Amino acid sequence: MALKRFQPYLQTGFTLIEVMVTVAIVAIISAIAIPIYTGYVTRANVQTGVQGLAVARTRMEQYFMDNRTYANGADCGAVLPTEADADNFGFACEPTATTYTVTATGVAGTNMDGFVYTINEQNVRTSTITKTGWGSGGTVQCWITKQGESC
C-alpha cells in the first residue's frame with residue numbers, strides 16, 4: 001500500500017481575530033477623527049456666515065454713500081447675501097434712515113442651527129450661540145468663530 005504524501009495546509013484569507021483587530025483600529029480612529037472633522041466643517045461654515053455679514057456691511061455703507069439713507073422703503077437699501085452665498089446662513093436686515101442691523105442666522109436642519117451673528121452701522125458685532133461647546137450660550141459683543149472661544 002502506497003503512503004499518501006503529506007501536503008501542508010495552505011492558509012488563505014484572514015482569521016477572525018485579524019479582522020476584529022482591524023475593525024477595532026478603524027473604530028478607534030473614526031471615534032477620534034469624525035468629531036475633529038465635524039469641528040473643522042463647522043468653523044468653515046461660521047467663516048462663510050461672518051464673511052456674508054462683512055459683505056452686507058460693505059454694501060450697506062456703499063448704499064448710504066450713494067443715497068444718504070440705509071433704508072429703501074421697509075427694506076435694506078443694499079442687496080444682502082443669499083443662502084447661495086453662505087449655504088448655512090439666512091440673512092435679514094432691520095434698517096432705519098441712519099442705522100441698520102444685519103443678522104446671519106444658522107439655517108434650521110443644518111449643522112449651523114443655533115448660531116446667530118449680527119453687525120450694525122457702527123461695526124458692533126455680536127454672537128448668540130446656543131450650540132453646546134460654543135461660547136457661553138448668551139449674547140456677547142464679538143464674533144465667536146472657534147469652539148470654546150470667548151470675547
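Source: prediction; values computed, not measured. Residue indices begin at 1 and follow the sequence shown.
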At their closest point, which heavy atom of Met60 faces which heavy atom of Cys93, and how far apart are they?
CE-SG, 4.1 Å
Side-chain touch Val46/Met112, heavy atoms, less than 4.5 angstrom
yes
Identify whether Phe14 and Val26 are in the same connected component of the hydrophobic contact network (ILVMFWY, side-chain heavy atoms under 4.5 Å).
no
At their closest point, which heavy atom of Ala56 faces which heavy atom of Leu80, and how far apart are they?
CB-CD2, 3.9 Å
Within this structure, what is the CD-NZ distance for the pair Gln47 and Lys146, rounded to the nearest 0.5 Å?
8.5 Å
So which atom in Pro35 and which in Ser30 form the shortest heavy-atom distance, rounded to 0.1 Å?
CD-O, 3.9 Å
Residue pair Val102 / Arg57, side-chain heavy-atom distance below 4.5 Å:
no
Are any of the side-chain heavy atoms of Val79 and Tyr63 separated by less than 4.5 Å?
no
Common cluster, Leu53/Ile129, ILVMFWY with side-chain heavy-atom separation under 4.5 Å:
yes
Single-linkage hydrophobic cluster Ile36~Val41, side-chain heavy atoms < 4.5 angstrom
no
For the pair Thr110 (side chain) and Gly106 (backbone), establish whether a donor and an acceptor sit closer than 3.5 Å, ignoring hydrogens and angles.
no
When you compare the side chain of Asn45 with that of Phe115, does any pair of heavy atoms fall below 4.5 Å?
no
Taking the side chain as everything from C-beta on, heavy atoms only, tell me whether Glu94 gets closer than 4.5 Å to Cys76.
no
Taking the side chain as C-beta and beyond, is there a heavy-atom pair between Glu18 and Val21 under 4.5 Å?
no
Heavy atoms, side chains only, cut-off 4.5 Å: are Arg68 and Phe64 in contact?
yes
Where Ala104 and Phe91 come nearest, the two heavy atoms and their spacing:
CB-CE2, 3.5 Å
Treat each ILVMFWY residue as a node, draw an edge where side-chain heavy atoms are under 4.5 Å apart, and state whether Tyr100 and Val55 are in one component.
no
Rounded to the nearest 0.5 Å, the CZ atom of Arg43 sits from the OG1 atom of Thr48 at a distance of 13.5 Å
For Thr145, is there any backbone N or O sitting under 3.5 Å from a side-chain donor or acceptor partner on Glu149?
yes
Do Tyr117 side-chain atoms and Ile144 backbone N/O form a donor-acceptor pair below 3.5 Å?
yes
Going by heavy atoms in the side chains, are Thr42 and Trp134 under 4.5 Å from each other?
yes
Within the side chain of Lys131, is there an N or O that forms a donor-acceptor pair under 3.5 Å with the backbone of Asn111?
yes
With the 4.5 Å side-chain cut-off for hydrophobic clustering, are Val116 and Val50 part of the same group?
no
Kindly compute the distance separating CG (Asp113) from OG1 (Thr105), expressed to the nearest 0.5 Å.
10.0 Å
Distance-only polar pair, side chains of Asn120 and Thr101, donor-acceptor under 3.5 Å:
no
